[in-house]
Amino acid sequence: MAPKRTKNKAPSADPQGMFAGMVVFLIENSVQSRRLQIWKQKLEQMGAKIETHLSKKVSHVFAMSSDALFHHVDKDQLARFKGHVLLYQWLEDSLAAGEKVSEHLYILKVDPEGEDVPDKNPKLEAANRNSSIHGEQSHCKRIKSSPEEIKHTNEESKGDIETNTASGLSNNEPNSPSSVTSGPEIPSTLDKDVGTPTSSLPYSPPDLNKDITEIFGKLINIYRALGDDRRSFSYYKAIAVVEKLPFKIESADQVKNLPGIGKSLQDHIQEIVTTGKLSKLEHFETDEKVRTISLFGEVWGIGPATALKFYEKGHRALDDLKSDNSLTNVQKLGLKYFDDIKTRIPRNEVQEMESLLQKVAEDIVSGVVVVCGGSYRRGKASCGDLDIIITHPDGKSHKGFLQKYVKRLKEMKLLREDLIFSTHSEEGTDQGVDTYFGLCTYPGRELRHRIDFKVYPRDIYAFGLIAWTGNDVLNRRLRLLAESKGYRLDDTGLFPATHGSGSKRGARGTTSLKLETEKEVFDFLGFPWLETYERNL
DNA sequence: TGGCAATACTG
DNA sequence: CAGTAT
DNA sequence: GCCA
């Protein structure tokens, strides 16, 4: 039986859900019960807490209209309420958009004289409208669309791609990258977080509390380098929570009830907001051992344990390692091409290599589908490496492909050195995903780049595509969402969470749900569709 | 106090 | 089997 | 680190 998590009944709240941290009070007056049901579920599912009365903890009150509002709650009580009073439409629109939309259009005046209309600052309204996912304004007063309707229209507009053809392969998916490329181009500012329409909302979250998240971010890397992934992950989750706060934290009290923030992190936050720094981090950053181990750990093939071993042997610089005879092959490569591998690849070069790779692949097996995933597919201006996802529409020609492909690519000197080469689907009956990790070069150059190939059987291709396109945050959300609905999601499929009984990854017998395209997976999970370039969460 | 994803390759 | 990587 |  299932170990512990996932109970189907109350979907476990996603601590990173878009409504995380919200404490809401719902005015049920004049709300269709069916709809209310959905809202409650969504709210809890995405991290909000629902209060049964207008307590002090409540941060948001929702009502159908001001009439419903004043009918149901005492005016004075309301007047004392300091939180936000919004129309349910805000929920609808946020759910449709996949993130919290600006509240400005949905604010209900608490003042009894006020009307049923939300605040209308022309400037704000215009701005919001532009950035709204579906250009149409979502006005209040009249709630026309049910959640389903919204969802439908929303997808209709983008979903066309899926309706495609070609052997029913999710194909078009392979096309999306190119559409990204030729589409509204990504500002070549860094490669941070640009180009996502959603991130350009006028009142987007950014930066308040940046001081805190930056420091936590450094701790994430430090703990990871030291091998304490669990602790590292805690900081990771905390960042997600803090980033969503709509206000600047000024005292630890403001975060004491947030999920993922316990005693220790509260103290850290307290220190950061009062002193502007964290002594713990300062300590780490000046500690030679920590710095050395972090550096060594950046070498491909060297993890926390090996880094520590080298440190204890007295090594302090990368040059010291080169003469160490205990280096493994891949570590030698990682060291030799340390700078190369860290050098980011301009988007246009990735694009050229993708076409080249497609051409070569087609030459080996006609019809094979080759897509460059990762940050490239998400539209970034530069990429740290190449993630190549491969499949074949006929469901079988992918077998044995990777071997020949790698051989050919080596002959043409595109692939240079191997790091890992596993292939089990070679002739096997199977489901296995062939994998290759290595170093490659752009035609005519010597600069090494990391490149990964993943060959998926056509029937689980969509899962591989999603997983390898990322980003990490999205993958985690999808996985949690799947979990909350009684499934387990990974890059090889979506499985009913019948745990103990043998739903090991890809295990024969347990087959993944048949979802042929990325969109079908998003839909199935009830996650708002995101174009590839919108997945930089 | 134990779990926090799970799995495949290298040496 | 430990360590590493995705 | 947090949480059940």
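Only a predicted model underlies this, so the values are computations on that prediction, with no experimental measurement involved.
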Kindly state which residues belonging to residues 267-305 of chain A come within less than 4.0 angstrom of DNA chain D, counting heavy atoms of the residue only, listed by number.
A/His268, A/Lys280
Verify the contact: side-chain N or O of A/Arg230 to OP1 or OP2 of B/dA5, cut-off strictly under 4.0 Å; return yes or no.
yes
By side-chain contact (heavy atoms from CB on, under 4.5 Å) - contacts of A/Leu419 (at least two apart)
A/Trp300, A/Val330, A/Leu333, A/Phe437, A/Leu439, A/Arg450
Grab the CD1-P distance between A/Ile239 and D/dG1 for me, whole Å please.
14 Å
Qualifying side-chain hydrogen bond (donor to acceptor under 3.5 Å, both in side chains) pairs, either residue in residues 257-277 of chain A, two or more places apart:
A/Tyr235-A/His268, A/Lys263-A/Asp267, A/Glu271-A/Ser279
Who are the side-chain contact (heavy atoms from CB on, under 4.5 Å) partners of A/Asp418, not counting sequence neighbours?
A/Lys410, A/Tyr436
Would you mind reading off the distance between A/Asp490 atom CG and C/dT6 atom P, rounded to a whole angstrom?
17 Å
Name all residues meeting the salt bridge (charged side-chain N to carboxylate O under 4.0 Å, His left out) criterion together with A/Lys407; count only those two or more places apart in sequence or in a different chain, and write none if there are none.
A/Glu411
Between atom CG in A/Asp418 and atom P in B/dA8, what is the gap in whole Å?
20 Å
Whole-Å distance, A/Asp472 CG to C/dT6 P, equals 11 Å
In whole angstrom, what separates A/Arg488's CZ from B/dA6's C1'?
8 Å
Nearest whole angstrom, please: distance from the P of C/dG3 to the CZ of A/Arg224.
19 Å
Calculate the interatomic distance between A/Arg479 atom CZ and B/dA5 atom P; express it in whole Å.
5 Å
Verify the contact: side-chain N or O of A/Thr435 to OP1 or OP2 of B/dC9, cut-off strictly under 4.0 Å; return yes or no.
no
Any base atoms under 4.0 Å from A/Ile261, or only sugar-phosphate, or nothing? Heavy atoms, all strands.
sugar-phosphate
Over how many whole Å does the gap from A/Lys237 atom NZ to D/dA4 atom P extend?
10 Å
Kindly write out the residues that satisfy salt bridge (charged side-chain N to carboxylate O under 4.0 Å, His left out) with A/Glu446, not counting sequence neighbours, or none if the list is empty.
A/Arg416, A/Arg448
Ring centres under 6.0 Å, that's the criterion: do A/Phe284 and A/Tyr223 meet it?
yes
